[in-house]
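Single-structure report; data block below.
In this chain, numbering begins with 1 at the start of the sequence shown.
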Amino acid sequence: MPYEIEYLGGHPEWGKPQSANITINKIRGHLDLDPRGFMASGRGIRIHKENILSVSFENIGSRSAGKAVAGALIGGVLTGGIGLLIGGAMGAKKKNLSELFLLIKYKERELTIILKTGKNTERIYSEINSLFI
């Protein structure tokens, strides 16, 4: 199953950040990064499990301060003080900014590919690790 991600950098064949799909093929032992969208550049990248040196992730969650303030203002104007609190809480939606780091071997060099994987970070991390079982 392909996951929609944001490629942030690290591979010489893709020079700029872009939207991509990542597909993990456990049977064949590789993962594919494929560009997606109108502004996609480059062709797909296949990374065989022998070339994956490590995989790690950083789970980052943050609340949107701007949305919290906007929600509080709207809530305060419409309903008074209690609306200020409720509007602020409702506007402060949590945004997932998680990133996955792949250390790979590419033409006798070690490179770190950075992927913004959002809410699927732990699932993608687990699937990549399952290549080695």
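- With hydrogens and angles ignored, the 3.5 Å screen pairs no side-chain donor or acceptor of His48 with any backbone N or O of Glu50.
- Atom-to-atom distance recorded for Ser19:OG and Glu4:CD is 8.0 Å, nearest 0.5 angstrom.
- The distance from the CG atom of Asn21 to the CZ atom of Arg36 is 5.5 Å, given to the nearest 0.5 Å.
- Note that CE of Met1 and CZ of Arg123 are 6.0 Å apart. Values are rounded to the nearest 0.5 Å.
- Tracing side-chain contacts under 4.5 Å through hydrophobic residues (I, L, V, M, F, W, Y), one reaches Ile52 starting from Tyr3; they form part of the same cluster.
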Self-check item: Chi angles and distances behind the side chain to side chain contact (heavy atoms under 4.5 Å, CB included) call for Lys116, Ser98
Solution: CA-CA 6 Å; Lys116 186 169 148 185; Ser98 298; over 6 Å; no

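- Between Ser56 and Tyr125, the closest heavy-atom pair is CA-CE1, 3.9 Å.
- Here the side chains of Leu100 and Ile128 are in contact, with some heavy-atom distance below 4.5 Å.
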Practice problem: Kindly indicate, with the supporting measurements, whether the criterion side-chain hydrogen bond (donor to acceptor under 3.5 Å, both in side chains) is fulfilled by Glu99 and Thr121. | Solution: CA-CA 7 Å; Glu99 294 177 350; Thr121 301; over 6 Å; no

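- Cluster annotation: Ile124 is connected to Phe57 through the hydrophobic network of ILVMFWY side chains, with a link wherever side-chain heavy atoms come within less than 4.5 Å.
- Between Arg28 atom CZ and Arg46 atom CZ the span is 7.5 Å, to the nearest 0.5 Å.
- Cluster annotation: Phe132 and Leu31 are assigned to the same hydrophobic cluster (Ile/Leu/Val/Met/Phe/Trp/Tyr, side-chain heavy-atom contacts under 4.5 Å, transitive).
- Interatomic distance, CD of Glu127 versus CG of Asn129, reported as 10.5 Å (0.5 Å rounding).
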Quiz prompt | Step-by-step side chain to side chain contact (heavy atoms under 4.5 Å, CB included) determination, Ile47 to His30 | solution = CA-CA 5 Å; Ile47 303 170; His30 66 262; over 6 Å; no

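- Atom CG of Asp34 and atom CZ of Arg43 lie 11.5 Å apart (nearest 0.5 Å).
- Taking the side chain as every heavy atom from C-beta outward, Ile5 and Leu33 approach each other to under 4.5 Å.
- Trp14 and Gly44 get closest at one heavy-atom pair: CZ2-CA, 4.4 Å.
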I'd like a table of donor-acceptor pairs (distance under 3.5 Å, sequence neighbours excluded) in which one partner is a side-chain atom from residues 108-115, with atom names and distances.
none

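- Residues Ile24 and Leu131 meet the side-chain proximity criterion, which asks for heavy atoms closer than 4.5 Å.
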